[in-house]
A.B. asks: 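Can you keep this structure in mind? I'll have questions shortly.
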Amino acid sequence: MNINSAKLIYFSPTQTTRKVVEGISQGLQVVDVEALDLTTHDAEIEKPQRGYEDLAIIGSPVYSGRLPAVAVSRLRKLKGNGAPAVIVVVYGNRAYEDALLELRDVAQEAGFNPIAAGAFIGEHSFSTNCTPIAVGRPDVEDLGKAKTFGKMIREKIINIRALEELIPLQVPGNFPFKELRMLSDISSVTQEMLCTRCKKCTSVCPTAAIHADAPTLTDKSSCIRCCACVKCCPAGAKSMDDPRIKQAAEQLTVNCSHRKEPETYL
Ligand SMILES: Cc1cc2nc3c(=O)[nH]c(=O)nc-3n(C[C@H](O)[C@H](O)[C@H](O)COP(=O)(O)O)c2cc1C
């Protein structure tokens, strides 16, 4: 089989998943590469005009050992039409638990044919100067591994005549998936004195939780604590300073300082 094009499909509030997915695509040696960014709240209305005829690389971060619910609902709207897919989760150096298995199932339900999988490490969304967790990842070494993985996927595809020749992809994880226990009453906060009302945060928020005309106001019930607003604010006005998040970040800094390495499944 040939690979002529690749579609990069990702949900990536703080951009680490996007970087890994792009890194994998660099090893595929295809010229025609298109991105479908499912991160922003208006991504929900984007529907593909046609199915995916070639390879898809589908990436999501890990939230509490699962996929973010909003990413799942957006992925479920896609139509895979049997296209081969590489599924990728990116996690903050703690654990990815059931997320890769969940992504395999979600991709299959959307009509994709998962043929390869990877779990990579990205800087933890809760990482700060005081509580550093996997800072700067994916780094050069990670992206080198992502590219090598892309080359191996290419080899795998060009050495078969049809997808039916492949055995079903096995990935780690348990079903039923671990229960989602997300805190629902926490959002980022804004130091009003620092906010310049540039509204960059409103454009990156995946759930439109930040008020479009008053960017210092965030709806706690919609916020998914992805920290996109915190990381993108040019004035440093946003922070996630709820004591429960700070405590979690402190624990992660202590307990997850040992560098984990990407895992791939082919
Ligand atoms: C609400 C939330 C829950 C998270 N849960 C986990 C987790 O269970 N394990 C882990 O290692 N990292 C966890 N992370 C960290 C992210 O998986 C990691 O930072 C990832 O690189 C973010 O991807 P993005 O840059 O594409 O947004 C969590 C992050 C958030 C915001």
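Read the numbers this way: they start at 1 and go in the same order the structure lists the ligands and their atoms. In what follows, every heavy atom counts, from backbone to side chain, and hydrogens, waters and symmetry copies are set aside. Note that the coordinates shown come from a computational prediction; the quantities given were computed from them, not determined experimentally.
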A.B. asks: Give the atom numbers and elements of ligand 1 that come within less than 4.0 Å of a heavy atom of N93.
C.D. replies: 11 (O)
A.B. asks: Please state which protein non-hydrogen atom is closest to atom 25 (O) of ligand 1 and give its distance, to 0.1 Å?
C.D. replies: T14 OG1, 2.4 Å
A.B. asks: Heavy atoms only: which of K19, R66, H124, Q15 lies closest to atom 15 (C) of ligand 1?
C.D. replies: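 That would be H124.
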A.B. asks: Check each heavy atom of Y96 against ligand 1 and say whether those closer than 4.0 Å belong to the side chain, the backbone, both or neither.
C.D. replies: neither
A.B. asks: Looking at ligand 1, does any of its N/O atoms fall within less than 3.5 Å of an N/O of G92?
C.D. replies: yes
A.B. asks: Taking only heavy atoms of P61, which atoms of ligand 1 are found under 4.0 Å from at least one of them?
C.D. replies: 22 (C), 23 (O)
A.B. asks: If I take atom CG from residue L252 and atom NE2 from residue H124, how far apart are they, to the nearest 0.5 angstrom?
C.D. replies: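 Result: 4.5 Å between the selected atoms.
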A.B. asks: Using a 3.5 Å cut-off on N or O atoms only, is V62 in polar contact with ligand 1?
C.D. replies: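 V62 vs ligand 1: N/O contact under 3.5 Å present.
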A.B. asks: Does a salt bridge link D142 with R137, judged by any charged N lying under 4.0 Å from a carboxylate O?
C.D. replies: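 So D142 pairs with R137 through a salt bridge.
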A.B. asks: Is there a polar contact, in the sense of an N or O pair closer than 3.5 Å, between A95 and ligand 1?
C.D. replies: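 Yes, there is a polar N/O contact under 3.5 Å.
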A.B. asks: Which of the numbered atoms in ligand 1 are under 4.0 angstrom from any heavy atom belonging to E123?
C.D. replies: 18 (C), 19 (O), 21 (O)
A.B. asks: Could you tell me, atom by atom, which parts of ligand 1 come under 4.0 Å of a heavy atom of R225?
C.D. replies: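 By the 4.0 Å cutoff, the relevant atoms are 31 (C).
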A.B. asks: Can you confirm, on distance only, whether ligand 1 has an N/O atom lying under 3.5 Å from any N/O atom belonging to Y91?
C.D. replies: no
A.B. asks: What's the separation between atom CG in N113 and atom CG in N81, rounded to the nearest 0.5 Å?
C.D. replies: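 Between N113 CG and N81 CG, I get 12.0 Å after rounding to 0.5 Å.
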A.B. asks: Suppose I only count heavy atoms of T16 and a 4.0 Å limit; which atoms of ligand 1 are within that range?
C.D. replies: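 Those of ligand 1 that fall under 4.0 Å from T16 are 20 (C), 21 (O), 22 (C), 23 (O), 24 (P), 25 (O), 26 (O).
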A.B. asks: Looking at E165, I want to see if its CD is surrounded by more than 12 non-hydrogen atoms of other residues, nucleotides or ligands under 6.0 Å.
C.D. replies: yes
A.B. asks: Would you say the side-chain atoms of R74 pair up with the backbone N or O of T39, donor to acceptor, closer than 3.5 Å?
C.D. replies: yes
A.B. asks: Using 4.0 Å as the upper bound for N to carboxylate O, is an ion pair formed by E263 and K145?
C.D. replies: no
A.B. asks: Looking only at N/O atoms, are E97 and ligand 1 under 3.5 Å apart anywhere?
C.D. replies: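 No, since none of the N or O atoms of E97 sits under 3.5 Å from an N or O of ligand 1.
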A.B. asks: I'd like to know if D242 pairs up with K220 as an ion pair, taking the criterion as any Lys NZ or Arg NE/NH1/NH2 lying under 4.0 Å from an Asp or Glu carboxylate oxygen.
C.D. replies: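 No, this pair does not count.
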A.B. asks: Measure up the F175 and F177 rings against each other and bin them: parallel (under 30°), tilted (30 to 60°), perpendicular (over 60°).
C.D. replies: perpendicular
A.B. asks: Specify the protein heavy atom at minimum distance from atom 29 (C) of ligand 1: its residue, its atom name, and the distance to 0.1 Å.
C.D. replies: S125 OG, 3.4 Å
A.B. asks: Mark up the atoms of ligand 1 that fall under 4.0 Å of a heavy atom belonging to V90, in ascending order.
C.D. replies: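 Per the distance check, 17 (O), 20 (C), 21 (O).
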A.B. asks: Side chain, backbone, both or neither: which applies to R18 and ligand 1 if a contact is any heavy-atom pair less than 4.0 Å apart?
C.D. replies: neither
A.B. asks: May I ask you to list the atoms of ligand 1 that are less than 4.0 angstrom from any heavy atom of S64?
C.D. replies: 3 (C), 4 (C), 5 (N), 6 (C), 7 (C), 8 (O)
A.B. asks: Quick one: does D139's side chain have a donor or acceptor within less than 3.5 Å of a partner on E141's backbone?
C.D. replies: yes
A.B. asks: Can you tell me how far CG of L103 sits from OH of Y96, rounded to the nearest 0.5 angstrom?
C.D. replies: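 Atom-to-atom, Y96:OH and L103:CG are 12.0 Å apart.
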A.B. asks: Donor-acceptor pair, distance only, cut-off 3.5 Å: does the side chain of E123 make one with the backbone of G136?
C.D. replies: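 Here the side-chain-to-backbone pair exists.
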A.B. asks: Can you sort out which atoms of ligand 1 are near G122, meaning under 4.0 Å from one of its heavy atoms?
C.D. replies: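 Per the distance check, 21 (O).
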A.B. asks: Taking distance alone, with N or O pairs closer than 3.5 Å, would you say S12 contacts ligand 1?
C.D. replies: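 So ligand 1 has an N or O lying under 3.5 Å from an N or O of S12.
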A.B. asks: For the side-chain hydrogen bond (donor to acceptor under 3.5 Å, both in side chains) test, which of R18, Q26, K19 pairs with E22?
C.D. replies: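 Exactly one option meets the side-chain hydrogen bond (donor to acceptor under 3.5 Å, both in side chains) with E22, and it is R18.
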